[in-house]
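Worksheet: one structure, shown below.
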Amino acid sequence: MNDCRTVRVLPDVPAIDKTFDYLVPGNLGGQVRVGSVVRVELHGRRVGGRVVADGVEPPPGLNLLPLAKVTGWGPPPELIELASWAAWRWAGRPASFLGTATADRAVTRLPTAAARPPEASVPGLPEVQAAARDAVGSVTGGGVATLRLPPTVDMLPVVVEGAARGDTLVLAPSVVAAKHLGMRLRRAGLPTAILPNDWPLARAGCSVVVGARAAAWAPVRDLSTVFVLDEHDEAYQEERSPTWHARDVAIERAARAGAGCVLVSPAPTLEALGAGRLFTTSRGFERSGWPVIDVVDMRHEDPAKGLLTDRVTSALRSGARVVCVLNRKGRSRLLACATCRELARCERCESSVTQDDAGLFVCMRCGQTRPAVCEKCGSTKFKNLRVGVSRLREELEALAETSVVDVTGERSAGDGDARVYVGTEAVLHHLRHADVVAYLDFDQELLAPRYRAAEQALSLLVRGARLVGGRETSSSSARSMGGRLLVQTRLPQHEVVQAALLGDAARVAAAENERRTALGFPPVTAMAAVSGAAAEAFIDSFGAPLGVEVLGPSDGMWLLRAPDHRTLCDALAAAARPPGRLRVEVDPRRI
DNA sequence: CGGACAAGCTGA
DNA sequence: CAGCTTGTCCGG
């Protein structure tokens, strides 16, 4: 039976982290290669799996079974290796990454590879094209470049610049954005596979492959350049464990393939700035791509008017399309008795309560509900110390004298033709255009107790900027308040506000780098959060590996900190996993 | 993961 | 001690 090869298979079963060897039946030989999706008999049942090595020498004394079935095409060999790396880097299992690297349906045959086009070009601003040429050119044959472009610049010419040099992988923050970009690339004459649908085309070979986060794992035949568009977008990080980040996968993948990686963003993260050389356009050009920012200094506003300052009121009454942003759901997040001024709190856990649409108090922490009665004086009248989106909608409606649509994460009002919207940041995702975006309580973003608060706040302004357009491109309407961001804050000198005001994102990076260095937060260090029922047992057996600091617990969560990922991830890989629920989040987002 | 098998608990 | 639950191990 020498014509029978032996292949190594990694079962697609979450709890199995081990490979098993199988014989390839002669008649299936041509269909089986590294990456192939197969079905195998394991312990008396059939499970799916992927071939991770071909032509292996099985351990002696084993009676090997043949593959039960070849399901179809899977990822190419370099992605199998990348999956092993990612499993180390984010303390996960290779199988979970291989799942992301495989089409969601069985692919039994590939289409014919698309031919390379003669030459494609799209019109772009000379400033942008020059910067793109410099950035892309600097990474021919490998390396990372970060390209900072103002928020309202079209990134299509940047991608076309890369596509002219060879096969290109393009990542966009959402499936919708990827699809939109993909269609435009096709219209520009470039053979483009749009993931996840066109996985077979990408596997066959296609000049450009475009997709969202998961496309970091898309097959690309002769990878020359990888683009990560809007690198600052948090959608690039997987929320479920393993919490991998598409930017970091893109960087590693490009390095292994000898390809260039270009991170494009109006507000690159510190991670991006640390990864490679920075390319920008001129100061004047960059500034012109940010909208006019009206900073409302809340320290000088009438407190009786609350969030609805005169500037907001006049924008509402100007007839312009106004989007108000307030990251607080519900009617109210903080209430006090109108009579005795006692704060309304949960009777069980003492956390502050909010009021639901029926008027009942609901605890945000434990979910306990009770009638809206003051525990101290029995009064039933309460004052809103902090209004939420639902309540604000009613107030705005009265002010604007038009109907106001509210949008929060769980409830989208759809892109109707209303003139005034209010919502959490979700409202910025649901709409495409506005004349004014008003951040009613921007301090809530600036002062959020998360280490990435400043970057996240700037990212919120980027989204708003795209709805209203840059100062050069803003709508030419004669309205007095068109194409503006209204930022209400008590911290007008904060670098995030100043960065948007001056169109200079570098200010945030500089301040942020100083802060993270002082506090030992990533990317100056590498961190992991450990939580779940088995966390304590894990930490106990984890001990104190050289170079790794164990912090906590707080709220049942421990933090591990090391000088770099090598130290952190090596220690995690060496640690024994106790039975039970354990969540290890490398590069935790919310700490 | 899920089956196999071994070691513990219960009940008449 | 059968009969059942709970735990640990292992798969080609």
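Side chains are part of it too, since the values below use all heavy atoms of this structure and drop only hydrogens, waters and symmetry mates. Computed from a predicted model, the values in this text were never measured in an experiment. Order of the sequence lines sets the chain letters (A, B, ...), proteins ahead of strands, with each chain counted from 1.
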Determine all donor-acceptor pairs shorter than 3.5 Å in which one atom belongs to a side chain in residues 547-560 of chain A; sequence neighbours excluded.
{"from": "Glu549(A)", "atom 1": "OE1", "to": "Arg561(A)", "atom 2": "NE", "distance (Å)": "3.2"}
{"from": "Glu549(A)", "atom 1": "OE2", "to": "Arg561(A)", "atom 2": "NH2", "distance (Å)": "3.4"}

Sequence neighbours left out, cut at 3.5 Å: what donor-acceptor pairs do the side chains of residues 211-227 of chain A make with other protein atoms?
{"from": "Arg213(A)", "atom 1": "NH1", "to": "Ala235(A)", "atom 2": "O", "distance (Å)": "2.9"}
{"from": "Arg213(A)", "atom 1": "NH1", "to": "Gln237(A)", "atom 2": "O", "distance (Å)": "3.1"}
{"from": "Arg213(A)", "atom 1": "NH2", "to": "Glu238(A)", "atom 2": "OE1", "distance (Å)": "3.3"}
{"from": "Arg221(A)", "atom 1": "NH1", "to": "Ala204(A)", "atom 2": "O", "distance (Å)": "3.3"}

Please list, one pair per line, the donor and acceptor atoms closer than 3.5 Å that link side chains of residues 516-523 of chain A to other protein atoms, with sequence neighbours excluded.
{"from": "Arg516(A)", "atom 1": "NE", "to": "Glu512(A)", "atom 2": "OE2", "distance (Å)": "3.0"}
{"from": "Arg516(A)", "atom 1": "NH1", "to": "Pro522(A)", "atom 2": "O", "distance (Å)": "2.9"}
{"from": "Arg516(A)", "atom 1": "NH2", "to": "Glu455(A)", "atom 2": "OE1", "distance (Å)": "3.3"}
{"from": "Arg516(A)", "atom 1": "NH2", "to": "Glu455(A)", "atom 2": "OE2", "distance (Å)": "3.4"}
{"from": "Arg516(A)", "atom 1": "NH2", "to": "Glu512(A)", "atom 2": "OE2", "distance (Å)": "3.2"}
{"from": "Thr517(A)", "atom 1": "OG1", "to": "Asn513(A)", "atom 2": "O", "distance (Å)": "2.6"}

Scan the side chains in residues 576-583 of chain A for donor-acceptor partners under 3.5 Å anywhere in the protein, sequence neighbours excluded, and list what turns up.
{"from": "Arg577(A)", "atom 1": "NH2", "to": "Ala91(A)", "atom 2": "O", "distance (Å)": "3.1"}
{"from": "Arg583(A)", "atom 1": "NH2", "to": "Glu239(A)", "atom 2": "O", "distance (Å)": "3.1"}
{"from": "Arg583(A)", "atom 1": "NH2", "to": "Glu585(A)", "atom 2": "OE1", "distance (Å)": "3.4"}

Using distance only, find each side-chain donor-acceptor pair of residues 27-38 of chain A under 3.5 Å and give its atom names and separation, not counting sequence neighbours.
{"from": "Arg33(A)", "atom 1": "NH2", "to": "Gly30(A)", "atom 2": "O", "distance (Å)": "3.1"}
{"from": "Ser36(A)", "atom 1": "OG", "to": "Gln31(A)", "atom 2": "O", "distance (Å)": "3.3"}
{"from": "Ser36(A)", "atom 1": "OG", "to": "Arg33(A)", "atom 2": "N", "distance (Å)": "3.0"}
{"from": "Ser36(A)", "atom 1": "OG", "to": "Arg33(A)", "atom 2": "O", "distance (Å)": "3.0"}

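Contacts between residues 30-47 of chain A and DNA chain B, defined by a heavy-atom separation under 4.0 Å, are made by His43(A), Arg45(A). The stretch residues 63-76 of chain A has no heavy atom under 4.0 angstrom from DNA chain B at all.
Looking at residues two or more places apart in sequence or on another chain, you find no ring-ring contact (aromatic ring centres under 6.0 Å, His included) involving Trp73(A). In this structure, the side-chain hydrogen bond (donor to acceptor under 3.5 Å, both in side chains) partners of Asp570(A), at least two apart in sequence or on a different chain, are Trp88(A).
Contact between Thr192(A) and Val210(A) at its shortest, heavy atoms only, is CG2-CG1, 3.4 Å. Nearest heavy-atom pair, Thr146(A) versus Gly276(A), reported as atom, atom and distance to 0.1 Å: OG1-O, 4.5 Å.
Among pairs with a residue in residues 37-54 of chain A, those fulfilling side chain to side chain donor-acceptor pair (under 3.5 Å) read Arg5(A)-Asp54(A), Arg50(A)-Thr102(A), at least two apart in sequence or across chains.
Protein chain A contacts DNA chain B over a range whose 5' and 3' limits, counting nucleotides with an atom under 4.0 angstrom from a non-hydrogen atom, are dC1(B) to dG3(B). Reading DNA chain C from its 5' end, the first and the last nucleotide to sit under 4.0 Å from a heavy atom of chain A are dG11(C) to dG12(C).
For the 3.5 Å distance criterion, the side chains of Gln456(A) and Glu234(A) qualify, holding a donor opposite an acceptor.
Contacts of Pro11(A) with the nucleic acid, taken as non-hydrogen atoms under 4.0 Å apart, are absent.
Between Ser459(A) and Asp233(A) there is no side-chain heavy-atom pair separated by less than 4.5 Å.
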